[in-house]
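Worksheet: one structure, shown below.
Atom set for the values below is all heavy atoms of this structure, side chains included, hydrogens, waters and symmetry mates excluded. Along the sequence shown, residues are numbered consecutively beginning with 1.
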Amino acid sequence: MRGLDAGKVYGYLDQLADQVQATERELHEAKAKNDRLQAELQRGKAELQRMQAELDQHEQAGSRVNDQVIQMFSQAQLVVEEMVQDVSRDARERIGQARAEERKIVAAAMDTAGEQVRSYARTAHAHMQEIVDSFATEVDQIRPVPPAVDSGDNHSKGWPPGFGSGLGPA
């Protein structure tokens, strides 16, 4: 029978022991590396969660800002609408005042014009009366006074027939 050589068996066992030790060392290094990677992963996850929380805060802040901007625009729109109403009301009041003032001015102008027309009419009437009176005076001055006795022979005096008899032209 053949037996195993003890030196070879021990050599083989030493070799296996060295391989086991190398494997254990590699395993230990892999575990250490794994632990480092796990720790790094945890730090990465923590950083991710922190960044996600920050992002959520920014989104909420952005949402609040958006809500605030919308509210500000709404308030501004209400203020503008109120201002437009105030301006419109003021414009209507001013137009009403202007129309009332216009009516007063027109009425005053009409009164003044009427007074001027009446004054002109009085002056014209007085002037016409003066003309008529002057004309009557001149007519009276040119009219000959007939003699006291009418002989009926006015023609011989150079008067037209019937003149001076009070009858007018014949």
Side-chain angles (χ1 to χ4, degrees), residues 30 32-170:
K33 187 175 182 180
N34 187 34
D35 289 343
R36 279 192 320 270
L37 290 173
Q38 285 292 334
E40 195 173 315
L41 178 63
Q42 289 303 321
R43 283 191 305 271
K45 283 182 178 180
E47 181 68 17
L48 178 62
Q49 287 176 347
R50 186 186 64 77
M51 292 179 98
Q52 186 64 42
E54 260 184 55
L55 181 62
D56 289 345
Q57 284 179 337
H58 288 304
E59 285 178 352
Q60 288 174 355
S63 177
R64 282 193 310 268
V65 167
N66 285 343
D67 291 344
Q68 289 173 345
V69 167
I70 290 170
Q71 186 178 9
M72 286 175 61
F73 277 132
S74 296
Q75 288 174 346
Q77 184 176 2
L78 292 175
V79 167
V80 166
E81 287 174 0
E82 186 176 326
M83 288 173 72
V84 166
Q85 289 174 354
D86 289 346
V87 167
S88 296
R89 183 176 39 255
D90 187 49
R92 284 191 299 273
E93 288 174 5
R94 287 180 186 219
I95 288 171
Q97 291 170 352
R99 286 182 179 154
E101 190 64 27
E102 174 191 26
R103 285 191 290 274
K104 286 180 188 176
I105 290 170
V106 168
M110 292 297 288
D111 289 345
T112 301
E115 190 59 39
Q116 288 178 351
V117 166
R118 284 189 289 278
S119 173
Y120 178 76
R122 282 192 297 268
T123 302
H125 178 63
H127 190 53
M128 287 300 290
Q129 187 63 43
E130 288 174 9
I131 291 172
V132 167
D133 290 346
S134 173
F135 184 68
T137 302
E138 287 183 23
V139 167
D140 284 343
Q141 286 177 357
I142 14 183
R143 183 179 337 161
V145 178
V149 176
D150 186 14
S151 63
D153 189 23
N154 287 333
H155 188 55
S156 62
K157 297 180 184 172
W159 293 348
F163 197 79
S165 64
L167 299 175

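Partners of Gln97 by side chain to side chain donor-acceptor pair (under 3.5 Å), not counting sequence neighbours: none found. Asp35 is linked by a side chain to side chain donor-acceptor pair (under 3.5 Å) to nothing, counting only residues two or more places apart in sequence or in another chain. Taking the side chain to side chain donor-acceptor pair (under 3.5 Å) definition, one finds that Gln60 meets it with nothing, sequence neighbours left out. Considering only residues two or more places apart in sequence or on other chains, Asn66 meets the side chain to side chain contact (heavy atoms under 4.5 Å, CB included) condition with none of them. Not a single side chain to side chain donor-acceptor pair (under 3.5 Å) links Glu102 to another residue, sequence neighbours left out. Residues that satisfy the side chain to side chain contact (heavy atoms under 4.5 Å, CB included) test with Val117, not counting sequence neighbours, are absent from this structure. For Lys104, the side chain to side chain contact (heavy atoms under 4.5 Å, CB included) partners are Glu101, not counting sequence neighbours. The side chain to side chain contact (heavy atoms under 4.5 Å, CB included) search around Leu48 returns none, not counting sequence neighbours.
A distance of 7.0 Å separates CD in Glu138 from CD1 in Ile142, rounded to the nearest 0.5 Å. Note that CE of Met110 and CZ of Arg103 are 15.5 Å apart. Values are rounded to the nearest 0.5 Å.
Listed by first then second residue, pairs satisfying salt bridge (Lys or Arg N to Asp or Glu O under 4.0 Å) with a partner in residues 42-52 read Glu47-Arg50, Arg50-Glu54, not counting sequence neighbours. Judged as a salt bridge (Lys or Arg N to Asp or Glu O under 4.0 Å), the pairs with a partner in residues 106-130 (not counting sequence neighbours) are, in order, Glu115-Arg118, Glu115-Arg122. Applying the salt bridge (Lys or Arg N to Asp or Glu O under 4.0 Å) test to pairs two or more places apart or on separate chains, those with a residue in residues 86-100 are Asp86-Arg89, Asp90-Arg94.
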Side-chain donor-acceptor pairs under 3.5 Å in residues 68-84, sequence neighbours left out?
residue	atom	partner	partner atom	Å
Ser74	OG	Ile70	O	3.0
Gln77	NE2	Glu81	OE2	3.4

